[in-house]
Amino acid sequence: MGPLRPESVAAVQAFSRCGDLASGFTRLACTGCGHQHLLAFTCKARHLCPACHQRRVLQSARWIAHHVCLPVPHRQFVFTIPKVLRPIFRKRRHLLTHLFHTATTCLRAAFRTVLNLPDGRLAAAAAVHTFGDYLVFHPHLHVFAAHGLFDRLGHFHCLPDHCLSQLTELFRHQFLHTLLKAKLLSDHKIAELLAWKNSGFHVHADTNLVRPLDIKGRQRLAEPERSGDGQPAAARRVSEANQYLLRAPFSLQKITWKPETRTVIYRSRRSYHTKANFQVFTANDFLAAVVDHIPPKGQQTIRYYGLYSNRSRGSARPTHPIVVPPPRTKKPPPEKPQEEATQILLVPPPEKTTARAKRPLWRDLIKAVWAVDPLH
């Protein structure tokens with residue numbers, strides 16, 4: 001797995017002190033009864049500390065659902081690359097920028113071609129994952145995008161269903177061209193990859209659209225799967241087949257420590273190679289596999305594009321866009337009399353508050369996960 005990166009050492013050291021009163025605390029006192037409570041400092045480590053990463057996930061999911069997404073239909077896409085190309089990004093994580101730019105460029109080009117909008121604007125949020133089942137190094141990209149494009153007038157043009165059949169091939173050729181231009185692959189290697197019958201590239205488009213005003217649907221796709229006792233039944237019923245924009249590399253519920261053999265049993269889906277639904281790690285191998293997915297210091301794991309970029313959100317953008325229906329296909333779906341051809345969604349403009357005021361309280365996050373008010 002290569003040498004241990006300095007940011008991984010710093011994250012492990014911070015995690016070992018997370019919640020330790022000896023490393024610092026805040027004294028909370030009630031002015032009424034005089035009762036005092038010590039609240040230990042947290043490490044705020046990404047992709048390692050379960051509590052701190054879960055808080056970051058909930059905050060990011062709430063921010064995307066309430067303050068980033070516009071009231072239009074959304075769909076999630078997952079961009080996957082073949083195994084032979086994954087080692088390129090293992091020790092040079094900054095090269096994952098090519099994956100971000102290529103995936104969003106392909107989406108924008110495909111949307112513009114289908115809708116015949118040469119200047120249409122994309123609205124998307126993308127998150128990179130470096131892990132797969134059993135903590136193997138598997139870099140892939142999750143993109144949560146509006147299911148269509150915005151024109152210059154702010155009108156949103158919906159995409160017809162089943163119109164992105166060639167997206168995988170477009171992503172395949174564009175990504176290989178990007179690696180060739182960056183001198184990461186040779187002409188001979190690219191010709192060999194293009195000759196493969198099964199290329200290893202894949203773009204998965206989620207069949208379930210998130211409706212324009214379904215804020216809970218946006219937040220559910222942005223949050224990881226949660227399971228365990230004491231959680232709401234709705235959260236436990238989330239299917240494992242769904243893909244999520246934000247996830248931790250491992251789950252505590254899947255880990256079993258065997259003290260007699262000093263090994264870790266990690267349970268997940270049934271593996272295609274081992275034909276089993278678990279894998280046995282030694283303690284050192286498991287730690288090495290976990291820290292391999294800690295992002296480098298300063299790396300952006302979530303990026304926003306088009307109308308969802310920081311620049312666009314800072315300027316004027318449509319708060320109540322007109323949704324233009326998708327163009328008719330060869331076999332149009334049966335029309336429902338209660339639905340209109342054009343739907344105008346009137347949404348009140350958001351309140352002008354500061355970014356700090358929009359951040360959810362820790363009490364609200366606990367209630368969202370455990371359905372228990374910690375103050376009662």
[X] vs [Y] side-chain heavy atoms within contact, under 4.5 Å:
X      : Y      : answer
Val78  : His140 : yes
Arg121 : Asp151 : no
Pro160 : Val114 : yes
Arg86  : His138 : yes
His129 : Thr301 : no
Arg303 : His101 : yes
Phe15  : Val291 : no
Phe150 : Leu307 : yes

Tell me whether [X] shares a hydrophobic cluster with [Y], the cluster being built from Ile, Leu, Val, Met, Phe, Trp, Tyr side chains joined at under 4.5 Å.
X      : Y      : result
Leu170 : Leu99  : yes
Val12  : Val9   : yes
Leu287 : Tyr134 : no
Val57  : Phe144 : yes
Leu95  : Val84  : yes

Between [X] and [Y], which heavy-atom pair has the shortest distance, and what is it?
X      : Y      : result
Phe250 : Leu252 : CE1-CD2, 3.9 Å
Leu141 : Phe100 : CD1-CE2, 3.5 Å
Gly148 : Leu159 : CA-CG, 4.0 Å
Cys18  : Cys43  : SG-N, 3.5 Å
Ala123 : Tyr308 : C-CD1, 3.6 Å
Arg90  : Phe137 : CA-CZ, 3.5 Å

Distance to the ring centre below 6.0 angstrom and angle to the axis at most 45 degrees; does that hold for Arg313 and Tyr304?
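Ring-cation test returns yes.
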Walk me through whether Arg267 and Ile265 qualify under side chain to side chain contact (heavy atoms under 4.5 Å, CB included).
CA-CA 6 Å; Arg267 303 182 185 276; Ile265 299 179; 4.2 Å; yes
Decide if the gap between the ring center of Phe171 and the ring center of Phe79 is smaller than 6.0 angstrom.
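Distance test on ring centres: under 6.0 Å, yes.
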Determine whether the aromatic ring centres of His74 and His147 lie less than 6.0 Å apart.
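Here the rings of His147 and His74 have centres that are no less than 6.0 Å from each other.
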Between atom [atom1] of [X] and atom [atom2] of [Y], what is the distance when rounded to the nearest 0.5 Å?
X      : Y      : atom1 : atom2 : result
Thr168 : His173 : OG1   : NE2   : 12.0 Å
Leu122 : Ser312 : CG    : OG    : 10.5 Å
Leu167 : Cys106 : CG    : SG    : 6.5 Å
Ile64  : Ile302 : CD1   : CD1   : 5.5 Å
Ile88  : Leu96  : CD1   : CG    : 11.0 Å
His293 : Leu48  : NE2   : CG    : 11.5 Å

Exam field: side chain [X] to backbone [Y], donor-acceptor pair closer than 3.5 Å:
X      : Y      : answer
Ser16  : Gln13  : yes
Arg17  : Ser23  : no
Ser309 : Gly306 : yes
Asp20  : Ala22  : yes

Would you say the side chains of Gln299 and His94 form a donor-acceptor pair under 3.5 Å?
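On atom types as modelled, these side chains do not qualify, holding no pair under 3.5 Å.
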Mind running salt bridge (Lys or Arg N to Asp or Glu O under 4.0 Å) on Asp285 and Arg262 for me, showing each step along the way?
CA-CA 12 Å; Asp285 290 343; Arg262 302 187 64 84; over 6 Å; no
Sequence neighbours left out, cut at 3.5 Å: what donor-acceptor pairs do the side chains of residues 174-189 make with other protein atoms?
{"from": "Thr178", "atom 1": "OG1", "to": "Thr102", "atom 2": "OG1", "distance (Å)": "3.4"}
{"from": "Thr178", "atom 1": "OG1", "to": "Gln174", "atom 2": "O", "distance (Å)": "2.8"}
{"from": "Ser186", "atom 1": "OG", "to": "Lys189", "atom 2": "N", "distance (Å)": "3.3"}

Could you check Leu135 against Phe286 for side chain to side chain contact (heavy atoms under 4.5 Å, CB included), going step by step and ending with a plain yes or no?
CA-CA 9 Å; Leu135 300 175; Phe286 183 77; 3.7 Å; yes
Salt bridge (Lys or Arg N to Asp or Glu O under 4.0 Å) partner of Asp119, chosen from Arg152, Arg112, Arg108
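Option passing the salt bridge (Lys or Arg N to Asp or Glu O under 4.0 Å) with Asp119: Arg152.
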Taking atom NZ as the centre, does Lys275 end up with more than 12 heavy-atom neighbours from other residues, nucleotides or ligands that are less than 6.0 angstrom away?
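It does: Lys275 NZ has more than 12 such atoms within range.
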From CA spacing to verdict: side chain to side chain contact (heavy atoms under 4.5 Å, CB included), Phe41, Leu21
CA-CA 7 Å; Phe41 293 156; Leu21 295 176; over 6 Å; no
Residue pair Arg55, Cys52: steps toward the side chain to side chain contact (heavy atoms under 4.5 Å, CB included) verdict
CA-CA 5 Å; Arg55 179 175 182 176; Cys52 295; 5.8 Å; no
